[in-house]
Amino acid sequence: MRLFIAVFVLLVAVHCEELFNGDQVLRIHAESKDHIQVLKELEKDVDSGLDFWTHGFSTERPVDVRVPHASLYAVKDFLKENNISFAVMINNVQELLDRERAEMVSNTEMERNTKSFNFAAYHDLDTIYSFMDTLVASHSNLISKVKIGSTYENRPMYVLKFSTGGENKPAIWIDAGIHAREWVSHASAVWIADRIATDFKENRAPVPDVLSKMDIYLMIVANPDGYVFSHLTVRPFHRLWRKSRSVTSNPNCPGVDLNRNFDAEFSGPGASDDPCAEDYRGPSAHSEIEVTNIVDFILSHGNFKSFMTLHAYSQLLMYPYGYTGSNAPDQPELHDVATQANKALNSWHGTIYKVGSIFHTIEQASGASVDWAYQHGIKYCFAFELRDTGEYGFLLPADQIVSTARETWFALRYIMQYVSDHPY
Amino acid sequence: MAKPVENPCVRAYYGVTVSLRGGGATEQNRNCSRRELCVSTLLLQTLMNTFLHATELEMATGELVPTHFPARRAAKVAVHYLNTRHGSPFRVFGLQQVHKATAEKSVFRCSAVVLFSTAQKTPPDVQLQCEDLQQINTTPQEEAFYHRYSTSDSPVSALDIPDSHGNMSQEMEPFWHLAGVSASFIMLRESSENTEFNMAQVASVTQQETSEKQLMLKYHLLLHDFVSQEILHWQLLSSWSPERGVRVLETQFLPKCPQATGPPSSTPDQ
């Protein structure tokens, strides 16, 4: 749909300006056969100027229609008279087209500036670290690279700090790649880092507003040792590695599941005490240096208001708790925020995510990072499982990276705006 | 395929009673073992594509919470079942991922009842009723594919499908689908309410000589269990022809080798 509009704009721009000013796109929910009949009549009326984006009406899914500005009141009244519920999906089509055109232009410019980094490909650790340096250099007024420690195999752990200045502003944490094989999480984080920078530079809402009140910390690779290992060869033994690469009590089975190693009901159900297991929790909470680095950084900063983590796969948007099925005290609000974020995510490519607590949506899990963060007073904690739902699983084709990153960004953007609007 | 629901179904895993759609089935006089689970109504959608038919199912459940994992696990089992019955090199089913308003698709309705047993090593029971699946016609592609590889002089052999970046050649796609269908037999058999299987990768595929009118394929497959996060290695031999569909002839589970610090020794060729 986006591509169609973009191409159309390019053609039309030659002949005509402001073709769609004030036009709105309505999302209509037909709830009965009568409603469907009404919509069919509406579609037949060619003089109405209505532009149906959805073909084939059913009660199962919404119908999108662009309504010319001149017809807005008439159409909305008509829908209300017939008891058909609708929502305004796009408030001003022309404004959206202008923004898209600007984005396309600026993307072209961006590529010239940042050495045409290929976001639609998976990159190894060195390349990602070098991208980070390039990004910082291109946006030195906004972004700095912070080293929060080293890994088991002595690689640096970096977090990108997006800040407009100020002393210890309230902050948002986002990490990706705590599980090595979930490559689309790192790849999405790379794209998102670039997107935050661009949105700030181009003064695109809500980023400037969020950054005026808060800092954003983005850790693209939370498990560098594991990520390097997953690139060693193409064979599944390496590519499908999940854990860290620390030596354990079993010399034949290295590695700890970093997302079971946090001090949140550590050693509870939902993690294993067998070093050979994929969800091995480790010998003790925070035994893993990668986890200690993150924990120490967040605690010494002391002013984080949101903690979010990107994983793959299953298309889920979740909040605490993982260790128990009881509701977190903030559950109603977290569920609302997640639901709205999910709508934003879904609005672009139509990807379907499920929303719920980790415990109910995936399984009981102990020692999870979002539980730890929540228990330390960080209210807005979310965990994402990105694309897909099992067709490719961990081996998501690279040509899906950008669309995955983009839809994830829409959810993150919503949450960040919400968090900055709800200080506590 | 329509079968009257004989197996009793009373209490779902979380103690929610699930109502069935259609078929006139009632809830009385059921004595399910305590942890049996029922799921109803899988909505089938076909995405039309010149080369391949990938069919996605949308899951809507009776009174099970659709976002909670019991419903999702049960739906996945129903998908495995559907693949064993109707999968082909050009037709594989999966859970719905996308709502694209402008994509070309037909919508089918399926109803499924999935019963997990508490007894060990007992596969789940799946009863599936679908609308006319015969509408999806993949026969020409299947015939061409079968003819090409059953008469070829050089047997097919390949590793790592898809590769690390999720890519595979167009030529390999039907073999990937056949692997997925074959994997469905295993995933269906091995499923419980505590598992959630997908095929992670085809480690290797090797075409075997045969005098039968079948494509004979030896696979080393990797299954991923989302619950334990384990990667499970299976070797299997399966046959396929347009007439007889997929049959899995031999399966062998390859346990993780604890003494390995390198790739498992059971990985064929290197």
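Within every chain, numbering begins at 1; the chains are lettered A, B, ... in the order of the sequence lines, protein sequences first and strands thereafter.
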Engineer: Can you measure from CD (B/Q229) to CD1 (A/I362) and round to the nearest 0.5 angstrom?
Structural biologist: 8.0 Å
Engineer: How far does CE of B/M168 sit from OH of A/Y392, to the nearest 0.5 angstrom?
Structural biologist: 4.5 Å
Engineer: Which bit of A/V355 comes within less than 4.5 Å of chain B, counting heavy atoms only: side chain, backbone, both or neither?
Structural biologist: backbone
Engineer: What part of A/Y122 lies closer than 4.5 angstrom to a heavy atom of chain B: side chain, backbone, both or neither?
Structural biologist: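 Both parts, heavy atoms under 4.5 Å.
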Engineer: Can you measure from CG (B/N198) to CG (A/D388) and round to the nearest 0.5 angstrom?
Structural biologist: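 Nearest 0.5 Å value for the CG-CG distance: 8.0 Å.
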Engineer: Roughly how far, to the nearest 0.5 Å, is the OG1 atom of A/T361 from the CZ atom of B/R72?
Structural biologist: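 Result: 7.0 Å between the selected atoms.
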Engineer: Please classify the contact between A/S314 and chain B as side chain, backbone, both or neither, with a heavy-atom cut-off of under 4.5 Å.
Structural biologist: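 Only the side chain of A/S314 comes within 4.5 Å of chain B.
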Engineer: Aromatic rings B/F226 and A/Y313: how do their planes relate, parallel, tilted or perpendicular, breaks at 30° and 60°?
Structural biologist: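 B/F226 and A/Y313: tilted rings.
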Engineer: Please look at A/I401 and chain B and tell me whether the side chain, the backbone, both or neither of the residue comes under 4.5 angstrom of a heavy atom of that chain.
Structural biologist: neither
Engineer: Answer yes or no: is there a donor N or O on one side and an acceptor on the other, between the side chain of A/R239 and the main chain of B/D160, under 3.5 Å?
Structural biologist: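 Checking the backbone N and O of B/D160 against the side chain of A/R239, no donor-acceptor pair under 3.5 Å is found.
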Engineer: Supply the atom-to-atom distance B/K256 NZ to A/E278 CD, rounded to the nearest 0.5 angstrom.
Structural biologist: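 So the NZ of B/K256 and the CD of A/E278 are separated by 5.0 Å.
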Engineer: Check each atom of A/A277 against the heavy atoms of chain B and say whether the ones under 4.5 Å are side chain, backbone, both or neither.
Structural biologist: both
Engineer: Could you give me the CA-CA distance, side-chain angles and deciding distance for B/F69 and A/E363, then say whether side chain to side chain contact (heavy atoms under 4.5 Å, CB included) is met?
Structural biologist: CA-CA 7 Å; B/F69 65 76; A/E363 174 83 329; 3.8 Å; yes
Engineer: Looking only at heavy atoms and a cut-off of under 4.5 Å, which of A/D279, A/L240, A/D257 has the most pairs with chain B?
Structural biologist: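 Heavy-atom pair counts peak at A/L240.
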Engineer: First locate atom CZ of A/R181, then atom OG of B/S164, and finally report the distance between them rounded to the nearest 0.5 Å.
Structural biologist: 13.5 Å
Engineer: Which region of A/E407, side chain (C-beta onward) or backbone (N, CA, C, O), has a non-hydrogen atom less than 4.5 Å from a non-hydrogen atom of chain B, or is it both or neither?
Structural biologist: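 Neither part, no heavy atoms under 4.5 Å.
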Engineer: Looking only at heavy atoms, which two atoms of A/P236 and B/L222 are closest? And how far apart?
Structural biologist: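 Residues A/P236 and B/L222, closest heavy atoms: CB-CD1, 3.2 Å.
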Engineer: Considering only heavy atoms from C-beta outward, does the side chain of B/D163 approach that of A/L395 to under 4.5 Å?
Structural biologist: no
Engineer: Could you report the tightest heavy-atom contact between A/R235 and B/L159, atom names first, then the distance?
Structural biologist: NH2-CD2, 4.1 Å
